[in-house]
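Before any comments, here is the structure.
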Amino acid sequence: MAYETIIVEVEDHVALITLNRPNALNALNDQLLGELADALTGCQNNEKVRCIVITGSEKAFAAGADIKMMSEKSFVDVFAGDLFTPESEQILRVRKPIIAAVSGYALGGGCELAMMCDFIIASDTAKFGQPEINLGVVAGLGGTQRLTRAIGKAKAMDMNLTGRFMDAEEAERSGLVSRVVPAKKLMEEAMGAAQKIAEKSMITVMVVKEAVNRSFETTLREGLLFERRVFHSLFASEDQKEGMAAFMEKRTPQFRDR
Ligand code: CAA
């Protein structure tokens, strides 16, 4: 499929997906979300891809869902049409890790897309926000749910009720992003992190993603049991034998995803 609103490049086992609607600050319309979901599914099915990075432009990761696209829609249009549901569910089905590399605005659906990724690396110019309240709506892709889990109720309420933006420093302090780097270093840092992940055993990487995500869906006791059982089950893999043997032999492990 040829894409018009995103650019997909695969190099050294890392897929880089660049959101590319510069005139609309990468606002998420049906086409962009559809193309992104399709590209991510393609990455999931492409054996060459071991980690994915999603980024935008220097000015904007994405300034939200496309307001021009939504402005004339009725309740029936969005409810019966299930606006954003198929694409977001398709994105969440990706089992390979996804890093969001955020520079500039990550607002509304843009902040929510970043939070759908497995972790966020931000440039020092990044600005996060859930300004939907200014449009007479609320967040629709996780801004009241994932943001609350990421930064807690007080800050999530503040962001969603006032619509204020949070800068990169506050976002890191609050636990929304894992690292902040100078703008010029953003892609080097994100691609470096992706490269590191790409060198691991893919089986183990997918187990980590599933286990951490499980912590959001279950009780601590059940989550710990899930973790212990997947830990146990990895002893059936060749990569566990290789990883531990390599440690003892003081060499780099050669994982084979088995
Ligand atoms: N949808 C559609 N177009 C958008 C857009 C959006 N979310 N954000 C920016 N654009 C467009 C602007 O309309 C403008 O296009 P034109 O030149 O054709 O007028 C272009 O991008 C550049 O934007 P600005 O001129 O506004 O740039 P700025 O630097 O002055 O301001 C900004 C930047 C503060 C990000 C401002 O564009 C803005 O506030 N954008 C909207 C942010 C927002 O409300 N996001 C939430 C959307 S709703 C949502 O996301 C729902 C959900 O949870 C799923």
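Atoms within a ligand are numbered from 1 in the order they appear, just like the ligands themselves. Values below: every heavy atom of this structure, side chains too, minus hydrogens, waters and symmetry copies.
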Salt-bridged, Arg256 to Asp239, with N to O below 4.0 Å?
no

Within-cutoff protein neighbour (heavy atom, under 4.0 Å) for atom 15 (O) of ligand 1: yes

Applying side-chain contact (heavy atoms from CB on, under 4.5 Å) to Glu58 and not counting sequence neighbours gives Ser103

Taken in chain and number order and not counting sequence neighbours, the residues that satisfy ring pair (Phe, Tyr, Trp, His ring centres under 6.0 Å) with Phe247 are none

Per-atom contact, atom 31 (O) of ligand 1, protein heavy atoms, under 4.0 angstrom:
no

Going by the 4.0 angstrom heavy-atom rule, the piece of Lys59 near ligand 1 is side chain

Note: ligand 1 atoms sitting under 4.0 Å from heavy atoms of Asp66 are 1 (N), 2 (C)

Mind checking whether Phe79 and Phe75 have parallel, tilted or perpendicular rings, split at 30° and 60°? parallel

Tell me whether Gly109 has any N or O atom under 3.5 angstrom from an N or O of ligand 1. yes

closest protein heavy atom to atom 1 (N) of ligand 1 is Ile67 N, 2.9 Å

the protein heavy atom lying closest to atom 18 (O) of ligand 1 turns out to be Lys68 NZ, 3.2 Å

So the atoms of ligand 1 within less than 4.0 Å of a heavy atom of Glu112 turn out to be 52 (C), 53 (O), 54 (C)

the protein heavy atom lying closest to atom 4 (C) of ligand 1 turns out to be Ala24 O, 3.8 Å

Q: Check the side chains of Tyr3 and Asp38 for a donor-acceptor pair under 3.5 angstrom, ignoring hydrogens and angles.
A: yes

Rounded to the nearest 0.5 angstrom, the OG1-CD distance for Thr144 and Glu112 is 8.0 Å

Requested in this report: Kindly indicate whether atom 39 (O) of ligand 1 is approached by any protein heavy atom to under 4.0 angstrom.
Outcome: no

A student comparing Cys111, Gly64, Ala63, Ser88 should find that the heavy atom closest to atom 42 (C) of ligand 1 comes from Ala63

With the threshold set strictly below 4.0 angstrom, can you tell me whether any protein non-hydrogen atom sits that near atom 24 (P) of ligand 1?
no

Query raised in the report: Do NZ/NE/NH1/NH2 and the carboxylate oxygens of Arg214 and Glu222 come within less than 4.0 Å?
Result: no

Donor on one side chain, acceptor on other, Glu35 and Gln31, under 3.5 Å | yes

Heavy-atom proximity to atom 51 (C) of ligand 1 ranks first, among Lys127, Glu132, Met69, for Glu132

Under 4.0 Å from one or more heavy atoms of Met70, ligand 1 contributes atoms 48 (S)

message: Strictly less than 4.0 Å: does any protein heavy-atom distance to atom 36 (C) of ligand 1 fall in that range?
response: no

Practice prompt. State if Pro131 counts as touching ligand 1 under the rule of any non-hydrogen atom under 4.0 Å.
Written response: yes

Exercise for review: Report yes or no: does Ser201 contribute a side-chain atom to a donor-acceptor pair with the main-chain N or O of Asp257 at less than 3.5 Å?
Suggested key: no

ask   = Within the distance-only criterion (no hydrogens, no angle test), does the side chain of Arg50 pair as donor or acceptor with the backbone N or O of Ala198 below 3.5 angstrom?
value = yes

Leu107 heavy atoms within 4.0 Å reach ligand 1 at atoms 35 (C), 42 (C)

of all protein heavy atoms, closest to atom 48 (S) of ligand 1 is Leu135 CD1, 3.6 Å

Paired with Glu210, the salt bridge (charged side-chain N to carboxylate O under 4.0 Å, His left out) test is passed by just one of Arg93, Arg229, Arg95, namely Arg95

The answer for which part of Gln130 has a heavy atom under 4.0 Å from ligand 1 is neither

dist Ile203:CD1 -> Phe255:CZ (nearest 0.5 Å) comes out at 11.5 Å

- Message: Check contact between Asn23 and ligand 1, using heavy atoms of the residue and a distance below 4.0 angstrom.
- Response: yes

Output for pair (Ser233 OG, Gln240 CD), nearest 0.5 Å, gives 10.5 Å

Any N or O on Ala65 sitting closer than 3.5 Å to an N or O of ligand 1? yes

Taking only non-hydrogen atoms of Ala139 and a 4.0 Å limit, the atoms of ligand 1 in range are 53 (O)

